[in-house]
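These notes concern the structure reproduced below.
All figures in this text were calculated on a predicted structure; none of them were measured in a lab. Sequence positions, counted from 1, serve as the residue numbers for this chain. Hydrogens, waters and symmetry mates play no part in the numbers below; they use all other heavy atoms, side chains included.
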Amino acid sequence: VALPAQRNWPDFMPIRVVLVDDAPEARALVRTAVRFRGVFSVVGEAENGAQAIELARRLKPDIVVLDIGLPDLAGEEVLTRLRSVAPAAKVVVFSGAEPSENRRLVDGADGYAVKGTQLDYLIELLETLGRRHVGTVSKNLDFSFSSSAVARQFTRETLASWQLLPLVEDALVVVSEMV
């Protein structure tokens with residue numbers, strides 16, 4: 001059974017990004033660059049730390065691009081609070097300061113890029129961090145009349161746990177044919 005050719009990974013699961021920077025121009029630059037790549041969806045933007053934390057809590061993004069020079073909270077505090085409200089989100093610091101000036105943030109973040117010189121690096125880093133790594137699972141079947149139902153239920157549960165529910169219908173067709 002062939003899957004429909006027009007469906008591909010980005011159609012199902014774009015990499016969901018929240019941008020955090022007090023400079024609207026910086027957010028616009030990153031927003032344009034990630035949209036141009038075609039695998040991202042900017043789901044929220046914040047101009048301060050409190051907004052960033054609330055957006056991350058509510059939206060559960062895949063990635064937060066974080067400027068650390070925010071007007072209300074220190075970068076390290078924002079990073080710590082982001083980790084608590086959205087533990088699965090990757091946090092990439094995008095700062096005007098060199099990494100050597102922010103050792104603790106570099107160690108606590110999933111990535112670091114310097115503003116003005118590394119926009120291409122930032123986009124590549126976001127794409128690499130945002131790719132979902134789906135594992136492998138298996139299920140032994142006893143080849144009874146109930147094997148098809150067991151396989152279909154296993155497939156539904158596995159795809160739900162991997163957050164791939166848009167693939168369920170196609171996967172169930174393949175699983176049913178295989179059993």
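Formation of a donor-acceptor pair under 3.5 Å by the Lys60 side chain with backbone atoms of Val85 is found in this model. Using modelled atom types, no side-chain atom of Thr158 and backbone atom of Thr155 make a donor-acceptor pair closer than 3.5 Å. Of the possible polar contacts, none joining the Asn48 side chain to the Leu70 backbone as a donor-acceptor pair under 3.5 Å is found.
Within 6.0 Å of the CZ atom in Arg103, the count of heavy atoms belonging to other residues, nucleotides or ligands exceeds 12. Remark: Asp107 CG is packed, more than 12 non-hydrogen atoms of other residues, nucleotides or ligands lying under 6.0 Å away.
A salt bridge links Arg37 with Glu124: at least one charged nitrogen is closer than 4.0 Å to a carboxylate oxygen. For Arg83 and Asp110, the salt-bridge test passes: some basic side-chain N is under 4.0 Å from an acidic carboxylate O.
When all heavy atoms of Val92 and Tyr112 are compared, the closest pair comes out as CG1-N, 4.3 Å.
With a 4.5 Å cut-off on side-chain heavy atoms, Pro61 and Val17 do not count as touching. Contact annotation: the side chain of Val174 never approaches that of Asp170 to less than 4.5 Å [non-hydrogen atoms, C-beta and beyond].
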For this session: Would you check, one step at a time, whether the test side-chain contact (heavy atoms from CB on, under 4.5 Å) holds for Phe40 with Arg16?
Result: CA-CA 6 Å; Phe40 298 100; Arg16 299 168 32 87; over 6 Å; no
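Taking the side chain to side chain donor-acceptor pair (under 3.5 Å) definition, one finds that Ser146 meets it with Ser144, sequence neighbours left out.
In the hydrophobic cluster analysis, where Ile, Leu, Val, Met, Phe, Trp and Tyr join through side-chain heavy atoms closer than 4.5 angstrom, Phe94 is grouped together with Val39.
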Do any side-chain atoms of residues 18-25 form donor-acceptor pairs under 3.5 angstrom with protein atoms, and if so which ones, sequence neighbours left out?
residue	atom	partner	partner atom	Å
Asp21	OD1	Ala23	N	2.9
Asp21	OD2	Lys115	NZ	2.6

